Each structure stands twice: as C-alpha cells, then as structure tokens.
> 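Attaching a single structure in structure tokens format; questions to follow.
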Amino acid sequence: MDKFMERAVELAVENVRDGGQPFGAVLVKNNNIVAEGVNELHKTYDISGHAELLAIRRAQEQVQTNDLSGYTMYASGEPCPMCLSAMYFAGIEKIFYCASVENAVEVGLGKSKVIYEDLLKTKAERALSMIQMRLKEGQENPMKLWKEQS
C-alpha cells in the first residue's frame, strides 16, 4: 500500500477511536501531502464535514485557489456523491480509495449507495423533491448579471 493511502487509513482509524466514522483523506500534489481531513460530523454537527471536503477546504485556504488541478486525493473510503462532486468542481484529477461503497454498506454506512442510486433516476423519480421556480417578473436575474460582469 502506498504511503499516502496508509496515512488516510491511519487517520480513519484514529477518527474511529475518537468516536467518529472510519474516513480519512489526504490531498497530495507533487508527491507531498498538502492537506488532510477526517469526518468531523461527531464534533461539528456539520453534515458537510467529510474527510475529503475538509482536506479540500484546507488546501484551498492554504494555496488561496479554487483550482486543484494536478492534485490527487487518497481516501480511506470511496467518496460519497457530495465529496465526489466537490472534487469535480475543484479540478482534482485522480482519486485513490480503499474501502468501497459496498464495504461501507456492510458496516451500516450505506447512505452513499442510496444517493448514488437515486442520482441515476430522473428528477421526478428521486426521493428528494426538486422544484424549479421562475424569477418574478422584473426581478434582477443573478445569472444574467454574472454573465455581464464576467
């Protein structure tokens, strides 16, 4: 096992011993660890406090950029849809993971699998209802404003 994955798994083990979930993440660039994270839901009561997201936030703050092209994520578990989406937005180019979503289901952490399956459905079929609402007539359009200012 590679040293970065070993570190991600170490972080996950420490987090479980601290009362958290078995997830650790290490963000790497040019063969150096830039940032690390563990799931902190048990400490912060922040559902977005996942290991990968925290590593991304710390790296972006450290290097003052939203563009993490050229970075690689090492995660003790296969990223959930939220973390995976953040990695797409950040431009992370490669993800290595240890435990699969199926492994997580086996130990009672199956929400990611449910969400991944739900995302395969049409918007109308999904468990989470999404309803588009149009702007009021005469209301300023933030998308149009963005385009004009870009």
Side-chain angles (χ1 to χ4, degrees), residues 1-135 142-143 146-147 150:
M1 184 182 286
D2 154 298
K3 67 180 179 181
F4 301 123
M5 184 59 76
E6 283 184 27
R7 179 63 183 148
V9 172
E10 259 177 40
L11 289 166
V13 168
E14 290 170 15
N15 201 45
V16 170
R17 289 197 172 117
D18 188 40
Q21 295 177 333
F23 301 107
V26 175
L27 192 56
V28 174
K29 184 168 186 180
N30 298 326
N31 213 32
N32 292 306
I33 294 176
V34 177
E36 299 178 335
V38 297
N39 276 34
E40 294 183 358
L41 284 70
H42 65 296
K43 291 181 178 179
T44 62
Y45 303 100
D46 173 4
I47 200 66
S48 71
H50 287 201
E52 300 92 334
L53 288 179
L54 294 173
I56 289 169
R57 288 176 189 154
R58 290 171 182 146
Q60 288 180 325
E61 185 177 350
Q62 179 183 331
V63 297
Q64 295 290 291
T65 186
N66 290 321
D67 182 9
L68 298 179
S69 300
Y71 287 71
T72 301
M73 181 68 74
Y74 291 81
S76 64
E78 185 173 351
C80 75
M82 175 177 62
C83 294
L84 182 63
S85 296
M87 288 183 248
Y88 272 107
F89 278 113
I92 292 170
E93 296 173 2
K94 192 177 282 189
I95 305 164
F96 292 97
Y97 65 91
C98 198
S100 69
V101 167
E102 291 74 22
N103 297 141
V105 169
E106 292 169 4
V107 299
L109 296 167
K111 194 69 163 178
S112 288
K113 187 174 191 310
V114 171
I115 296 169
Y116 272 123
E117 289 170 352
D118 206 46
L119 289 172
L120 295 173
K121 300 174 184 174
T122 67
K123 288 179 188 174
E125 296 173 317
R126 291 181 189 155
L128 182 58
S129 177
M130 291 177 56
I131 303 160
Q132 182 180 14
M133 297 179 69
R134 305 281 181 200
L135 293 172
M143 294 292 181
W146 168 260
K147 185 175 180 180
S150 294

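Just so you know, these numbers come straight off a predicted model, no measurement behind them.
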> Counting C-beta onward and ignoring hydrogens, is there a side-chain heavy-atom pair between I92 and I56 closer than 4.5 Å?
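Yes, their side chains come closer than 4.5 Å.
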> Between R58 and E61, does any NZ, NE, NH1 or NH2 come within less than 4.0 Å of an OD or OE carboxylate oxygen?
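Between R58 and E61 there is no salt bridge, as every charged N stays at least 4.0 Å from the carboxylate O atoms.
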> Answer whether the closest heavy-atom distance between the side chains of M87 and P79 falls below 4.5 Å.
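M87 vs P79: side chains touch.
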> With side chain to side chain contact (heavy atoms under 4.5 Å, CB included) as the criterion, how do N31 and K3 come out once you've worked through the C-alpha distance, each side chain's angles and the decisive distance to 0.1 Å?
CA-CA 10 Å; N31 213 32; K3 67 180 179 181; 4.2 Å; yes
> List the atom of R57, the atom of S48, and the distance in Å for their closest heavy-atom pair.
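Scanning both residues completely, I find the closest heavy atoms to be NH2-OG, 2.9 Å.
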> Between Q60 and N66 (side chain of the first, backbone of the second, donor and acceptor by atom type, cut-off under 3.5 Å), is there such a pair?
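A pair under 3.5 Å: yes.
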> The test is side chain to side chain contact (heavy atoms under 4.5 Å, CB included); show your working for H42 and D18 and say whether it passes.
CA-CA 9 Å; H42 65 296; D18 188 40; 3.5 Å; yes
> If you look at every heavy atom in E52 and C83, which pair is closest and at what distance?
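What the structure gives for the nearest pair is OE1-SG, 3.4 Å.
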> So for atom CZ, which belongs to F4, do other residues, nucleotides or ligands contribute more than 12 heavy atoms lying within a distance under 6.0 Å?
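Atom CZ in F4 is crowded, with more than 12 foreign heavy atoms closer than 6.0 Å.
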> Can you sort out the partners of V16 under side-chain contact (heavy atoms from CB on, under 4.5 Å), two or more places apart, ordered by chain and number?
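Partners of V16 by the side-chain contact (heavy atoms from CB on, under 4.5 Å) criterion, ordered by chain and then number, come out as P22.
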> Looking only at atom types and distance, does a side-chain atom of E93 sit under 3.5 Å from a main-chain N or O of S69, one as donor and one as acceptor?
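No.
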> Run the numbers on E14 and R17 for salt bridge (charged side-chain N to carboxylate O under 4.0 Å, His left out), then give the verdict.
CA-CA 5 Å; E14 290 170 15; R17 289 197 172 117; over 6 Å; no
> Report yes or no: does E40 contribute a side-chain atom to a donor-acceptor pair with the main-chain N or O of G49 at less than 3.5 Å?
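Checking the backbone N and O of G49 against the side chain of E40, no donor-acceptor pair under 3.5 Å is found.
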> Once rounded to the nearest 0.5 Å, what's the spacing between atom OG1 of T44 and atom CG of L54?
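The OG1 atom of T44 sits 7.5 Å away from the CG atom of L54.
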> Report the distance from atom CD of E36 to atom CD of E10, rounding to the nearest 0.5 Å.
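If I round to the nearest 0.5 Å, the distance is 9.0 Å.
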> Could you tell me whether K113 and E117 have a side-chain N and a carboxylate O separated by less than 4.0 Å?
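Salt bridge present between K113 and E117.
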> Could you tell me how the ring of F96 sits relative to the ring of Y74: parallel (under 30°), tilted (30 to 60°) or perpendicular (over 60°)?
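Correct class here is parallel.
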> Between Y97 and S100, which heavy-atom pair has the shortest distance, and what is it?
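In terms of heavy atoms, the two residues are closest at CE1-CA, 4.0 Å.
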> Kindly compute the distance separating CG (L27) from CD1 (I33), expressed to the nearest 0.5 Å.
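Reported value, rounded in 0.5 Å steps: 10.0 Å.
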> Distance-only, no hydrogens or angles: does the N15 side chain make a donor-acceptor pair with backbone N or O of G20 under 3.5 Å?
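Judged by distance alone, no pair lies under 3.5 Å.
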> Quick check against the 3.5 Å criterion: does N39 have a side-chain atom that pairs as donor or acceptor with the backbone of L41?
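Between the backbone of L41 and the side chain of N39 there is no qualifying donor-acceptor contact (under 3.5 Å).
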> Got more than 12 heavy atoms from elsewhere within 6.0 Å of OH, Y116?
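Check passes, neighbour count above 12.
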> For P81 and I115, work out which heavy atoms get closest and say how close.
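Between these two residues, the closest heavy atoms are CG-CG2, 3.4 Å.
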> Locate the shortest heavy-atom distance separating S76 from A12; write the atom from each residue and the value.
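Looking at all heavy atoms of both residues, the shortest contact is OG-CB, 3.5 Å.
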> Would you call K111 and C80 a side-chain contact if the rule is heavy atoms closer than 4.5 Å?
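Of all side-chain heavy-atom pairs linking C80 with K111, none is under 4.5 Å.
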> Is a donor on one side and an acceptor on the other found under 3.5 Å between the side chain of N32 and the backbone of N30?
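The answer is yes, because a donor-acceptor pair under 3.5 Å joins these two groups.
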> Please name the residue in the list L11, L109, V38 that meets the side-chain contact (heavy atoms from CB on, under 4.5 Å) test with F23.
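The option that passes is L109.
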> Is atom NZ of K121 surrounded by more than 12 heavy atoms (other residues, nucleotides or ligands) closer than 6.0 Å?
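Above 12, so yes.
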